[in-house]
Amino acid sequence: MTTRSRSRGYWVFLLPSFVLFTGVIVVPFLMNVGIGFTRWQGIGDPRWVGLDNYTRLFADERFWASFRNNVALIVAMAIVPTVIGLVLAATLFDYVGKKVGPRAASALRAAYYLPQVLPVAVAGIVWGWIMHPQFGALNELLKLLGMEPRNWLGDPDWALPSVMVIMVWFQIGYPVVIFMAGLQRVDPALYEAAEIDGASWWRRFWHITIPQIRPEIYVVLLTCTIAALKVFGPIFVLTRGGPGGATLVPSYFSYQNFFEKANVGYGSAIATVLTLVIIVVTVFFLRIQDRES
């Protein structure tokens with residue numbers, strides 16, 4: 001059997017996935033792009049308006065504000081969890097696993113990952129109780145410390161930072177698990193040689209751990225950045241984009257126009273721009289990873 005005939009055989013196994021991808025991803029995306037050039041309320045016939053939705057979109061201050069909020073959530077969901085996850089994973093692998101035992105390291109890893117297992121709605125409701133302005137546990141703690149209670153999710157100055165803290169808590173377990181898995185393939189002799197040479201834990205972390213698991217770092221940064229760009233559930237449960245648009249993000253802004261304002265064409269334009277941004281970010285990360293490899 002020739003190489004060409006074998007490669008043709010592989011396509012048979014890829015065909016179901018290709019059909020599913022086309023039906024679930026490609027066709028709806030192309031339909032969304034088409035609707036973005038129309039004015040439509042979800043019923044009746046769409047009216048073609050060309051680039052009017054995009055002209056309006058790029059002049060819409062709420063749209064740009066939603067992307068600024070998205071940048072803050074990228075920091076909270078990608079950058080901060082990656083940095084903290086690196087330190088935690090290295091500590092669990094290089095210190096807890098050796099000094100206390102692998103079972104303790106595994107238990108702590110599972111504890112950090114637990115927020116990822118919880119449904120978004122459940123986690124959001126619990127955090128809403130914790131940060132409730134009147135009977136929330138956080139404000140009760142502040143009162144015990146003699147500090148002024150705050151309306152964490154209802155104050156425009158505090159709503160976005162509060163959501164960012166919640167998202168760090170929610171996201172941090174994912175990089176810990178990925179990085180600990182990556183550390184399994186690092187040659188232990190590297191750590192042993194560095195330790196014999198008198199290298200401190202921080203030097204081993206900086207000169208061995210980070211370079212050795214660089215592919216995992218790229219994967220975590222890419223997937224967490226995409227998750228931050230399309231975040232919807234926590235915003236919907238916690239703040240509904242408020243107060244006053246302080247926590248509005250493009251995905252929820254699109255949802256508002258789709259379902260609350262019945263402005264489907266404008267919502268489609270927002271969703272299309274967000275998708276293109278995600279594609280550009282993905283290509284950017286992949287190109288950097290190719291250069292480093």
Side-chain angles (χ1 to χ4, degrees), residues 73-131 136-138 140-141 162-228 231 233-234 237-238 285 289 292-293:
L73 288 178
I74 289 174
V75 174
M77 295 180 64
I79 298 175
V80 174
T82 299
V83 173
I84 298 176
L86 268 171
V87 176
L88 287 175
T91 303
L92 293 176
F93 182 83
D94 193 33
Y95 184 80
V96 176
K98 295 178 180 178
K99 303 293 184 180
V100 182
R103 290 188 177 181
S106 298
L108 290 172
R109 178 182 59 189
Y112 287 125
Y113 192 74
L114 183 61
Q116 290 277 312
V117 179
L118 293 175
V120 173
V122 173
I125 291 172
V126 171
W127 273 104
W129 290 342
I130 294 173
M131 293 187 169
L138 183 55
E140 291 297 325
L141 179 60
S162 300
V163 171
M164 291 173 67
V165 170
I166 294 171
M167 296 314 300
V168 170
W169 169 86
F170 189 83
Q171 197 74 11
I172 199 169
Y174 171 69
V176 170
V177 171
I178 298 297
F179 293 150
M180 287 193 71
L183 286 169
Q184 299 292 330
R185 62 178 178 79
V186 179
D187 188 355
L190 294 175
Y191 290 103
E192 294 173 2
E195 195 169 359
I196 292 172
D197 289 340
S200 63
W201 181 89
W202 177 254
R203 285 186 174 275
R204 296 198 301 271
F205 171 76
W206 188 257
H207 294 288
I208 298 176
T209 300
I210 293 180
Q212 290 295 317
I213 63 170
R214 188 170 294 167
E216 284 80 4
I217 294 175
Y218 282 123
V219 169
V220 168
L221 282 174
L222 174 59
T223 53
C224 289
T225 300
I226 292 174
V231 65
V237 175
L238 289 167
F285 269 98
Q289 187 175 4
E292 294 290 335
S293 59

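All residue numbers refer to positions in the sequence shown, counting from 1. Every heavy atom of this structure was used, including side-chain atoms; hydrogens, water molecules and symmetry mates were not.
Under the 3.5 Å distance criterion, the side-chain polar atoms of Q289 are left unmatched by any main-chain donor or acceptor of Y218. The closest donor-acceptor contact from the side chain of R109 to the backbone of M180 lies at 3.5 Å or more, if one exists at all. With hydrogens and angles disregarded, a donor-acceptor distance shorter than 3.5 Å links the side chain of D187 to the backbone of A189.
Here CG of D197 is found 11.5 Å from CZ of R203. Values are rounded to the nearest 0.5 Å. A distance of 11.5 Å separates OG1 in T225 from CG in L73, rounded to the nearest 0.5 Å. Distance check, rounded to the nearest 0.5 Å: NE2 of H207 to OG of S200 gives 8.5 Å. Taken to the nearest 0.5 Å, the CH2 atom of W201 stands 11.5 Å off from the CH2 atom of W206. Separating the CD1 atom in I125 from the CG atom in L118 is a distance of 12.0 Å, to the nearest 0.5 Å. Here the CG atom belonging to L92 is positioned 5.5 Å from the CG atom belonging to L108, to the nearest 0.5 angstrom.
Side-chain contact between F170 and M77 is absent, with no heavy-atom pair separated by less than 4.5 Å. Using a 4.5 Å heavy-atom threshold, the side chains of L88 and F179 count as separate.
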- request: Show your reasoning for whether side chain to side chain contact (heavy atoms under 4.5 Å, CB included) applies to L183 and Y191.
  value: CA-CA 11 Å; L183 286 169; Y191 290 103; 3.5 Å; yes
field: Evaluation steps, side chain to side chain contact (heavy atoms under 4.5 Å, CB included), between T223 and Y174
entry: CA-CA 10 Å; T223 53; Y174 171 69; 3.0 Å; yes
query: Would V220 and L86 satisfy side chain to side chain contact (heavy atoms under 4.5 Å, CB included), going step by step from the backbone distance to the final call?
result: CA-CA 10 Å; V220 168; L86 268 171; over 6 Å; no
task: Check the pair V186 / I213 against side chain to side chain contact (heavy atoms under 4.5 Å, CB included), numbers first and verdict last.
output: CA-CA 8 Å; V186 179; I213 63 170; 4.2 Å; yes
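Between R185 and E216, at least one side-chain N (NZ, or NE/NH1/NH2) sits under 4.0 Å from a carboxylate O, which counts as a salt bridge.
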